[in-house]
Amino acid sequence: MPRKSNHINQSEEVFGYGQKLDQSFYLRKNVVTIARELLGKMLITVFDGVITAGRIVETEAYEGVIDKASHAYGGRRTNRTEVMYAAGGTAYVFLCYGMHQMFNVVTNVKDTPHAILIRAVEPVTGIETMLQRTGKPKADFTLTRGPGNVAKALGISVKHTGENLLGNVIWIADDGTVYSDEQVVATARIGVDYAGEHALWPYRFIVKGNKYVSGKKK
DNA sequence: TCTATGATCCCCT
DNA sequence: GGGGATCATAGAT
């Protein structure tokens, strides 16, 4: 099977997605606010000149030391979670269930381990590449639905943990798209029952009716 | 449309 | 040694 070259003019393409979020966006204190604001933003990756991008439609905030659902609950600091303590604007990627890569955005200042899990995007650019990476036969709503699929389609893996989101490998951009409060719903987070009552915190944000949003049924 | 299940492996206790 | 910030599929309803 012939492999597409896909080598594009990076600077031109990059420019087309709007303004790259700068570090001040990520350094803010309220991780829940940032999670809400990430809806509608573009998540872009460029690996070996191959670009893929999607619009974020589902996020989850993890509030660090006070949040039982967070890997950094109680100030836990391990090899895996060390990256969470970096300054905002860093990628935290971990392996889940032995096979799925979860891509998170670290927020807040250094040593405050907040993070936002990107749970779903709407594919925008590089759909052919996403199909190759995921091995899916066609582009349907499952292509980038759920955090495991997002990372797979965008080519993100645990080796990218610690990557700076202000560079030209993985970054998030604002192209002016804004979802109104009527289009957005806050819900409890998924798959964190072990966190007790903290699992009920309305820290998950979804774009209402978007078919790429994970969870039950469309 | 739902529930159950297997895949698969790193991390932490 | 146990379980997890998941996903796809199979089979029942």
Side-chain angles (χ1 to χ4, degrees), chain A residues 31-32 34-36 38-39 43 54 56-86 88 90-108 112-123 130-163 165 170 185-206 209-218:
Chain A
V31 67
V32 180
I34 300 174
R36 164 64 178 88
L38 281 178
L39 294 182
L43 174 60
I56 298 169
V57 296
E58 179 179 0
T59 61
E60 272 180 5
Y62 286 84
E63 204 171 11
V65 300
I66 65 163
D67 181 356
K68 287 181 184 168
S70 170
H71 291 159
Y73 175 62
R76 232 169 18 148
R77 211 163 175 147
T78 67
N79 282 337
R80 179 176 69 156
T81 63
E82 187 59 33
V83 174
M84 298 183 78
Y85 292 81
T90 303
Y92 169 47
V93 188
F94 66 92
L95 186 67
C96 190
Y97 296 105
M99 64 197 87
H100 299 298
Q101 329 271 329
M102 307 278 117
F103 170 70
N104 297 250
V105 175
V106 173
T107 68
N108 214 312
T112 302
H114 289 184
I116 298 167
L117 174 64
I118 306 301
R119 291 190 58 90
V121 307
E122 211 173 58
M130 295 185 195
L131 289 172
Q132 285 175 20
R133 286 170 176 162
T134 58
K136 290 175 188 287
K138 61 179 202 249
D140 63 6
F141 68 93
T142 68
L143 185 59
T144 52
R145 174 198 212 233
N149 289 328
V150 169
K152 201 169 183 185
L154 293 179
I156 298 170
S157 73
V158 291
K159 68 177 180 234
H160 300 115
T161 199
E163 185 75 40
L165 300 179
I170 307 173
V185 189
T187 79
R189 292 169 294 185
I190 302 279
V192 294
D193 292 344
Y194 58 85
E197 61 187 44
H198 292 188
L200 302 177
W201 290 355
Y203 280 14
R204 170 173 176 251
F205 295 94
I206 63 177
N210 189 287
K211 63 182 177 179
Y212 292 96
V213 169
S214 68
K216 349 192 142 120
K217 260 232 71 160
K218 129 75 228 241

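Throughout, protein chains are lettered first and strands after them, A, B, ... in sequence-line order, and every chain is numbered starting at 1. It should be emphasised that the depicted structure is a prediction, and the values quoted were computed from it without experimental measurement.
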Item to check | Base paired to dG11(C) (Watson-Crick or G-U; both N/O distances under 3.5 angstrom) | outcome: dC2(B)

Item to check | Under 3.5 Å on both distances, the Watson-Crick or G-U partner of dA5(C) | outcome: none

Which listed nucleotide ([options]) is nearest to the side chain of [X]?
X: M99(A); options: dC7(C), dT8(B), dC9(B); result: dT8(B)
X: R76(A); options: dC10(B), dA5(C), dT13(B); result: dT13(B)
X: I190(A); options: dC7(C), dT6(C), dA5(C); result: dT6(C)

Checklist entry - Does R119(A) put a side-chain nitrogen or oxygen below 4.0 Å from OP1 or OP2 of dT6(C)? => result yes

Next on the checklist: If the cut-off is 4.0 Å, is Y203(A) near the phosphate of dA5(C), judged by side-chain N/O to OP1 or OP2?
Outcome noted: no

Looking at every strand, decide which applies to [X] at a 4.0 Å heavy-atom threshold: base, sugar-phosphate, or nothing.
X: N149(A); result: sugar-phosphate
X: M102(A); result: sugar-phosphate
X: K68(A); result: nothing

Item to check | Distance-only donor-acceptor test, H71(A) side-chain atoms vs dA5(C) base atoms, 3.5 Å | outcome: yes

Item to check | d(OH, Y73(A); P, dT13(B)) in whole Å | outcome: 14 Å

Checklist entry - Can you say whether the rings of W201(A) and Y203(A) are parallel (under 30°), tilted (30 to 60°) or perpendicular (over 60°)? => result tilted

